[in-house]
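Take a look at this one; I'll ask things after.
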Amino acid sequence: MEEQYQPHRIEAAAQAYWEEKQTFRAHEDDPRPKYYCLSMFPYPSGRLHMGHVRNYTIGDVVSRYKRMQGHNVLQPMGWDAFGLPAENAAIERGVAPAAWTRENIAAMREQLQRLGFGYDWQRELATCDPDYYRWEQWLFIRLYQKGLVYRRTAVVNWDPVDQTVLANEQVIDGRGWRSGALVEQREIPQWFLRITDYADELLSGLDALPGWPTQVCNMQRNWIGRSEGVELRFAITGRDEQLTVFTTRPDTLYGVTYMGLAPEHPLSLELAESNPQIAELVAEARTGGTAEADLATREKRGADTGLTAIHPLTGQPIPIWVANFVLMGYGSGAVMAVPAHDQRDWAFARAYGLPIEPVVYPGDGSDLDISEGAFTAPGVLVDSGPFSGMPSERASAAIAERLEAAGQGERRIQFRLRDWGVSRQRYWGAPIPMIHCPHCGIVPVPEAELPVVLPEQVDLSGGGSPLRSMPEFYATTCPQCGAAAERETDTFDTFMESSWYFARFACPDQHQAMLDERADQWTPVHQYIGGVEHAVLHLLYARFFHKVLRDEGLLHSDEPFTRLLTQGMVLKEGVKMSKSKGNTVDPQALVDRFGADTVRLFTMFAAPPEQSLEWSDSGVEGAARFLRRLYALVRDHLAHGDLPADGEPLSTASLDSEQQALRRKVHETIVKASDDIGKRFTFNTAIAAVMELSNALAKAVGEADPVTRRIVREGVEAAVLILAPITPHLSHHLWSALGHTTPVVDAPWPQADEQALARAEVELVVQVNGKLRGHVTLPVGADEATAREAALAEANVQRFIEGKAIKKVVLVPEKLINVVAQ
RNA sequence: GCCGGGAUGGCGGAACUGGUAGACGCGCUCGACUCAAAAUCGAGUGGGCUUCGCCCAUGUGGGUUCGAGUCCCACUCCCGGCACCA
């Protein structure tokens, strides 16, 4: 071994070895159990950032650990290559999005390779490749024929100065990011996928995902937002039409004191023509961004229509208001307002002096106080006609039955989830394979003509999608009637590509079909790893696609990802690293300076994967220092000469107490690290345990006693094996230096020796009234009376129980004794 | 606004099932080596005090318990998502 740890030489050698042996190629016919470990593929922005390094290190650690556990591991990598940044780069720097993207991919692939991630590069894919997106187009047409695709109008952010559609991200405080113009909402025809057809299954499927973090399941549950309630109709005084509303609280029906209409509701629009106050609300609703966060934080405003609705049960007139907190996108765009029992209705009623009539009282007999807010809990009904005195739940059912019997309403299940709008008025995306024929209407592109290829030589200086001014792209003939027709110039939402890439990795070379039988062999992904920011959208769309692919017969499982790990963000000085804040750390510079193993080690050591990670330059130096010490430990151990390769197994009985303690440390470390890496994914504590072990071994490495040396050998081998998934290059080198001919990447994960873990005695904590007062050492298995006697005999304990009566003694075996004295 | 999460020494974090708060690392202090510095090695390191030990201490305020960082209630601040950023 060289005197000094030279990470760059070691890393280059290890990477060359893996490349030569094609170590990470995954083969379907390998008899070992398959394990598919996937990290969310990156958007090729140009360079890796620390978030990528963290994500992919976690994935690589899991993959290499599973390999050592005897699995046939698939760990692929690809590129989520369509998206807005490429268009922005094109506008700002005059480079074509395709060229920019492909250069970025090349640069980032090189960076990933330098970090030593064990990917099967044979399966690499980029979503901007027509070989990839053609199958998305193919599927879209299948879904269109099946009725899962439809077209309707939906609102977009329109920048009236730049004459272009803006993404929500490009709308800042209601204004266009470049022009600064007040953004308007425009309705344009768009393509939708009927994800709501799968709402029930997407919801119930969450119960079958024990390997997902509960907070992600909760977020998806809330997003889908299943609610049971009643849809009922209110007649409008003097008019023919009725107002349809949905409520989850039919028990509060007698407390309705006004109706709320969305500004976009057809009735609001009609009234706006003659009522300037309503017109103002309608106009206001049409400016600013479409993002829900913008809408929900607007000041609550409203206007009286002068119309009244008729209460379906009492026949009383109820004023109808236009209210900007009522959203046209949910339900019917109208609500019945019960200010006494709904907080939003309460606030609006307060602001406009509308009556608040309580009809539900707390069931526990306490007083009802609605002076500071609504009472939203269930209770007992009052002032509710024949339903007075009923508890909320029974009243809800009874009122629903009454409405149904009278033909005034029906019980219904409502979802918050909306259908997925997949049209984007942008260039750098997969073309939507549809043709608009003046005679036949919408006609899908025939399968034989797929893919509809996105032209890559384009001019983006004009603003908006260049496809719209490229007849060579859009001009075509109708597949049905042969007349001149136009292609759809909208492209797909990039979430489309990322909704099925995990399955395509199983068979990226399949050119006759979207997927083949290999997709069923590898999926569902055993372990998926990515940022928590994807908890709802990406992960819900991917689940939806998986079910759609199943129903198309292309897959035969119900869920795409068996286990999910959501990693936290990488912060510096407490805030997210970002170019705009100028607080980024370039992983490449760190790899150049310290080597990949140090970067990987620090990233895994600094925090558990689900928490945010605070960046620390001196922490990285600490990681480098540890690797140098580990290197020196192995070097110094080997410098004392060879050990008999196959001596008698070490037996606990023949060891002195120091040797027993050291050997116990070795095996305790194996137990802890196996649990931490294999089950808990707390790589930071596994590393801390190896550091403790290495500190203990360093104290013993100078001893000449052959038995001690054998224990040290056992210990350094355990340390090298445990670290192999985290610092694979150094472990590769040290494992070979320790005389092994099989590479560490294929070595079996270490097993703890039960005998080495055994102890003769154990130290117990002694408390008096819950406060630590001393320690006693007892033989393992000592009975309660012995423990009690020893605890009470402890000098410091005596001081604290003197003159007091012992009320009881709590004993936690092998851990703690608490003397309760008074 | 709605949904989800977080808060522990000077810093990152540990404490897994309610049972010794602060493992491990960083930083800092002192010492060794050195002409000196860096690197390296060794020792110490939550605050306070009357220091064989005691008191205080896990965002704030309450509660449950023999015992609470951990469970419950109410709050504060920070972070993620909110359907066209990916």
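Remember, it's a predicted structure, so these values are computed and weren't measured experimentally. Reminder, nothing fancy here: chain letters follow the sequence lines and each chain counts from 1.
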Original post:
Touch check for R799(A), heavy atoms < 4.0 angstrom, all strands: base, sugar-phosphate only, or nothing?
Top reply: sugar-phosphate
Original post:
Can you tell me how far OH of Y631(A) sits from CD of Q4(A), rounded to the nearest 0.5 angstrom?
Top reply: 8.0 Å
**OP:** Assess the pair F82(A) and Y133(A): is the distance between their ring centroids shorter than 6.0 Å?
**Re:** yes
Subject >> Residue-phosphate contact under 4.0 Å: T494(A) side-chain N/O, A86(B) OP1/OP2 >> reply: yes
Subject >> Pair D676(A), T685(A): side-chain N/O donor-acceptor within cut-off below 3.5 Å >> reply: yes
**OP:** Would you kindly give the OH-to-P distance between Y501(A) and A86(B), to the nearest whole Å?
**Re:** 15 Å
**OP:** Mark yes or no for a side-chain to base donor-acceptor pair under 3.5 Å between N222(A) and C3(B), with no hydrogen or angle criteria applied.
**Re:** no
**OP:** Using the C1' atom on both, measure G61(B) against G46(B) and round to a whole Å.
**Re:** 24 Å
Original post:
Is it true that E87(A) and R424(A) have a side-chain N and a carboxylate O under 4.0 angstrom from each other?
Top reply: no
Original post:
Taking CZ from F495(A) and C1' from C82(B), how many angstroms apart are they, rounded to a whole number?
Top reply: 12 Å
**OP:** Looking at every strand, decide which applies to N818(A) at a 4.0 Å heavy-atom threshold: base, sugar-phosphate, or nothing.
**Re:** base
**OP:** Let me know the distance between CZ of F348(A) and C1' of G1(B), rounded to the nearest Å.
**Re:** 16 Å
Original post:
What is the base-pairing partner of G53(B), counting Watson-Crick and G-U wobble geometry with both distances under 3.5 Å?
Top reply: C49(B)
Original post:
Is any side-chain nitrogen or oxygen of N796(A) closer than 4.0 Å to OP1 or OP2 of G53(B)?
Top reply: no
Original post:
How would you label the contact of N695(A) with the nucleic acid (heavy atoms, under 4.0 Å): base, sugar-phosphate, or nothing?
Top reply: sugar-phosphate
Subject >> G53(B) phosphate, OP1 or OP2, under 4.0 Å from K771(A) side-chain N/O >> reply: no
Subject >> Nucleotide U40(B), atom P - distance to CD of E3(A) in whole Å >> reply: 14 Å
Original post:
Using purine N1 to pyrimidine N3 plus N6-O4 or O6-N4 for Watson-Crick, or N1-O2 and O6-N3 for G-U wobble, both under 3.5 Å, which nucleotide pairs with G42(B)?
Top reply: C30(B)
Original post:
Using a cut-off of 4.0 Å on non-hydrogen atoms, how would the nucleic acid contact of K672(A) be classed: base, sugar-phosphate, or nothing?
Top reply: base
**OP:** Look at all strands and tell whether F192(A) reaches a base, only sugar-phosphate, or nothing, counting heavy atoms closer than 4.0 Å.
**Re:** nothing
Original post:
Do the side-chain N or O atoms of R298(A) get closer than 4.0 angstrom to the phosphate oxygens (OP1, OP2) of G1(B)?
Top reply: no
**OP:** Once you apply the 3.5 Å cut-off to both distances, tell me the Watson-Crick or G-U wobble partner of C85(B), or none.
**Re:** none
Original post:
Can you tell me how far C1' of C24(B) sits from CZ of F605(A), to the nearest Å?
Top reply: 4 Å
Subject >> Distance (rounded to the nearest 0.5 Å) between E668(A) CD and L693(A) CG >> reply: 10.5 Å
Original post:
Which one is paired to U64(B), where only Watson-Crick or G-U wobble pairs with both distances under 3.5 angstrom count?
Top reply: none
Original post:
If pairing requires Watson-Crick or G-U wobble contacts with both distances under 3.5 Å, which nucleotide is the partner of G4(B)?
Top reply: C79(B)
Original post:
Does R680(A) place a side-chain N or O at less than 4.0 Å from the phosphate oxygens OP1/OP2 of A15(B)?
Top reply: yes
Original post:
Starting at CG of N218(A) and ending at P of C2(B), how long is that distance when rounded to a whole Å?
Top reply: 17 Å
Original post:
How would you label the contact of E692(A) with the nucleic acid (heavy atoms, under 4.0 Å): base, sugar-phosphate, or nothing?
Top reply: sugar-phosphate
**OP:** Classify the nucleic acid contact of A535(A) as base, sugar-phosphate or nothing, counting any heavy atom under 4.0 Å across all strands shown.
**Re:** nothing
Original post:
Is the distance from OP1 or OP2 of A14(B) to the nearest side-chain N or O of Q611(A) less than 4.0 Å?
Top reply: yes
Original post:
So, are R759(A) and E814(A) salt-bridged, with charged N and O less than 4.0 Å apart?
Top reply: no
Original post:
Could you walk me through whether L590(A) and F602(A) pass the side-chain contact (heavy atoms from CB on, under 4.5 Å) check?
Top reply: CA-CA 11 Å; L590(A) 292 166; F602(A) 174 72; over 6 Å; no
Original post:
Using a cut-off of 4.0 Å on non-hydrogen atoms, how would the nucleic acid contact of H538(A) be classed: base, sugar-phosphate, or nothing?
Top reply: nothing
Subject >> P gap between G53(B) and G22(B), integer Å >> reply: 16 Å
Original post:
Atom CZ of R773(A) to atom P of G67(B): distance rounded to whole Å?
Top reply: 14 Å
**OP:** For F325(A), answer base if it contacts any base atom (sugar-phosphate contacts may also be present), sugar-phosphate if it contacts only those atoms, and nothing otherwise; contact means non-hydrogen atoms under 4.0 Å.
**Re:** nothing
**OP:** Answer yes or no: does atom CZ of R635(A) have more than 12 heavy-atom neighbours from other residues, nucleotides or ligands under 6.0 Å?
**Re:** yes
Original post:
Considering only G13(B), A86(B), C26(B), which nucleotide approaches the side chain of S618(A) most closely?
Top reply: C26(B)
Subject >> Sugar-phosphate, base or nothing in reach of M219(A), heavy atoms under 4.0 Å >> reply: base
**OP:** Could you check if the base of G27(B) is syn or anti? Syn means the glycosidic torsion is within 90 degrees of 0.
**Re:** anti
Subject >> Nearest-angstrom distance from the residue atom CH2 of W223(A) to P of C2(B) >> reply: 16 Å
Subject >> Rounded distance in Å between the C1' positions of G27(B) and G9(B) >> reply: 12 Å
Original post:
Which part of the nucleic acid does V165(A) contact within heavy-atom distance under 4.0 Å: base, sugar-phosphate only, or nothing?
Top reply: base
**OP:** Would you please indicate yes or no on a ring centroid separation below 6.0 angstrom for F502(A) and Y528(A)?
**Re:** no
Original post:
Across all strands shown, which nucleotide pairs with C24(B) by Watson-Crick or G-U wobble geometry, both distances under 3.5 Å?
Top reply: G12(B)
**OP:** Using a heavy-atom cut-off of under 4.0 Å over every strand shown, decide if G421(A) touches base, sugar-phosphate, or nothing.
**Re:** sugar-phosphate
**OP:** Tell me the partner of C35(B), counting only Watson-Crick (N1-N3 plus N6-O4 or O6-N4) or G-U wobble (N1-O2 and O6-N3) with both under 3.5 Å; none if nothing fits.
**Re:** none
**OP:** Could you check whether P42(A) gets within reach of a base, just the sugar-phosphate, or nothing at all, counting any heavy atom under 4.0 Å?
**Re:** nothing
Subject >> Distance below 4.0 Å between R625(A) side-chain N/O and C26(B) OP1 or OP2 >> reply: yes
**OP:** Give one of base, sugar-phosphate or nothing for E299(A), where a contact means two heavy atoms less than 4.0 Å apart.
**Re:** nothing
**OP:** Can you tell me, in whole Å, how much space there is between the C1' of C78(B) and that of C73(B)?
**Re:** 22 Å
